[in-house]
Amino acid sequence: MTNSARLQRAFFNRPTLNVARELLGTRLVHIENGQRIAGIIIEAEAYLGEKDLGCHAKAGRTPRTEPLYGAPGHAYVYFTYGMHWLFNCVTQPEGVPEAVLVRAIEPTEGLAVIAKRRGRQPKHLWTDGPAKLAQALGIKGRENKLDLTASDAEIFIEKGLEIPDSRVTTSPRVGFNTVPEPWKSKPWRFQASLQGLAIS
DNA sequence: AGCACGATTAACT
DNA sequence: GTTAATCGTGCTC
């Protein structure tokens with residue numbers, strides 16, 4: 001793969017729901033020690049700014065939420081439950097605090113490394129959750145605010161499979177038990193089925 | 001300064 | 001289905 005396959009800033013500088021939908025089928029890549037650890041994004045959720053009471057930006061501009069207010073195409077990686085890291089792509093122009101949480105990938109490269117980190121679980125549970133895929137790819141707090149579109153970035157997203165609408169389902173976002181309506185029920189979670197597709 | 005809780009996960013009954 | 005693990009963050013006092 002060449003750099004030309006990497007998604008550029010214009011991809012992220014768009015309405016967040018479009019970005020979340022179109023991230024399905026793309027490839028999330030982390031280069032560690034020159035080796036690619038990667039997988040195809042199959043689940044993502046949109047977070048739409050200060051008015052969205054499920055979005056961290058509801059707290060306004062704070063040290064934690066600062067990356068959300070930055071330029072599109074940057075990583076927002078945050079720590080939760082005292083032990084987990086979650087990876088997001090910042091969307092929309094600078095000053096608009098929106099992002100997409102990557103919730104699941106289908107592992108495709110660096111399987112030995114992923115196995116070392118996730119091998120205590122069965123294979124189908126390696127990267128089927130946001131904290132699981134961050135652990136599998138070795139993404140932690142040091143990657144927060146990283147520019148995914150920089151030519152020398154070691155975390156980036158590549159163009160991948162085209163996922164037809166017939167393979168995409170939407171549903172309410174996960175972990176929203178205490179989030180008030182209407183945000184609790186917004187169908188801003190996108191999932192892709194790769195059943196029967198040849199992936200590599 | 002203190003406190004309740006979280007965009008979760010794994011292990012357990 | 002239930003719950004412990006574990007700590008940074010933002011809110012209240």
Side-chain angles (χ1 to χ4, degrees), chain A residues 12 15-24 26 28 30 39 41-70 72-92 96-107 113-146 148 155 157 168-192:
Chain A
F12 300 98
T16 304
L17 291 170
N18 293 11
V19 175
R21 160 65 178 88
E22 291 169 36
L23 277 174
L24 298 178
T26 63
L28 174 59
H30 186 195
I41 295 176
I42 56 174
E43 181 178 345
E45 282 178 355
Y47 288 83
L48 271 58
E50 296 177 353
K51 287 182 294 188
D52 175 3
L53 296 184
C55 179
H56 289 168
K58 69 178 184 293
R61 201 162 188 151
T62 68
R64 185 201 205 190
T65 63
E66 184 63 26
L68 292 171
Y69 290 82
H74 286 249
Y76 169 48
V77 182
Y78 72 90
F79 186 63
T80 191
Y81 290 104
M83 65 193 88
H84 299 305
W85 296 99
L86 275 64
F87 173 83
N88 301 251
C89 306
V90 175
T91 60
Q92 293 281 39
V96 181
E98 304 192 5
V100 175
L101 169 70
V102 178
R103 287 195 58 90
I105 63 174
E106 183 70 33
V113 174
I114 293 175
K116 196 167 181 179
R117 293 170 172 154
R118 298 285 312 147
R120 283 165 295 185
Q121 300 290 125
K123 207 167 187 174
H124 71 281
L125 300 179
W126 280 1
T127 55
D128 65 333
K132 298 181 189 183
L133 73 89
Q135 188 196 345
L137 295 189
I139 296 174
K140 298 192 219 158
R142 62 178 308 154
E143 281 80 25
N144 191 27
K145 303 188 185 184
L146 182 137
L148 304 168
I155 297 182
I157 299 177
V168 175
T169 57
T170 62
S171 56
R173 294 171 290 179
V174 175
F176 270 46
N177 294 331
T178 65
V179 174
E181 297 289 4
W183 315 108
K184 181 177 180 177
S185 297
K186 294 288 186 186
W188 292 346
R189 176 194 195 192
F190 297 82
Q191 290 176 95

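Hydrogens, waters and symmetry mates are skipped; everything else that's a heavy atom, side chains included, is used. Just so it is clear, the model here is predicted, and its values are computed rather than measured. Numbered from 1 within each chain, the chains take letters A, B, ... in sequence-line order.
- Exactly one of A/E98, A/R173, A/K58 qualifies for a side chain to side chain contact (heavy atoms under 4.5 Å, CB included) with A/Y47. That residue is A/R173.
- A distance of about 16 Å separates the P atoms of B/dC5 and C/dT3, rounded to the whole Å.
- The backbone N or O of A/T65 lies less than 3.5 Å from a partner atom in the side chain of A/T62, making a donor-acceptor pair.
- Residue whose closest nucleotide on DNA chain B sits further toward the 5' end, between A/T178 and A/R120: A/T178.
- The nearest whole Å value for the distance from the OH atom in A/Y81 to the C1' atom in C/dT3 is 13 Å.
- Contact annotation for A/F79: backbone-only contact, meaning every heavy-atom pair under 4.0 Å involves sugar-phosphate atoms and none involves a base.
- Nucleotide C/dT6 is matched to nothing when pairs are restricted to Watson-Crick or G-U wobble geometry with both distances under 3.5 angstrom.
- Atom CZ of A/R64 is separated from atom P of C/dG8 by 12 Å (rounded to the nearest Å).
- Considering only side-chain N and O atoms, A/T80 lies nowhere under 4.0 angstrom from the phosphate OP1 or OP2 of B/dA7.
- OP1 and OP2 of C/dG10 both lie 4.0 Å or more from every side-chain N or O belonging to A/K58.
- Phosphate contact (OP1/OP2 of B/dA10, side-chain N/O of A/R118, threshold under 4.0 Å): present.
- Considering only side-chain atoms of A/Q121, the nucleotide from B/dT9, B/dA11, C/dA5 that sits closest is B/dA11.
- The interatomic distance linking A/H84 (NE2) with C/dT9 (C1') rounds to 17 Å, in whole Å.
- When the P atom of C/dA5 is taken as reference, atom CD of A/Q135 falls 19 Å away, rounded to whole Å.
- Distance from the side chain of A/M83 is smallest to C/dT6 among B/dT8, C/dT6, B/dA10.
- Atom-to-atom, CG of A/L125 to P of B/dA11 comes out at 10 Å; the value is rounded to the nearest Å.
- For A/L53 and B/dG6, the CG to P distance is 13 Å, given to the nearest whole Å.
- We find that CZ of A/R103 is positioned 13 Å from C1' of B/dG6, with the value rounded to whole Å.
- Among the heavy atoms of the strands lying under 4.0 Å from A/G54 is at least one base atom, whether or not backbone atoms are also near.
- The side-chain heavy atoms of A/F190 and A/V100, taken from C-beta on, include no pair separated by under 4.5 Å.
- A/T16 places no side-chain N or O within donor-acceptor distance of the main-chain N or O of A/L48, the cut-off being under 3.5 Å.
- Residue-nucleotide stacking is not present for A/F176 and B/dA7, judged by a side-chain ring centre under 5.5 Å from the six-membered base ring centre and planes under 30° apart.
- Base pairing of B/dA7: no nucleotide in any strand meets the Watson-Crick or G-U wobble criterion (both distances under 3.5 Å).
- Separating the NE2 atom of A/H56 from the C1' atom of C/dC11 is a distance of 15 Å, rounded to the nearest angstrom.
- Under the side-chain hydrogen bond (donor to acceptor under 3.5 Å, both in side chains) rule, A/Y76 has a single partner from A/H56, A/E66, A/K145, which is A/H56.
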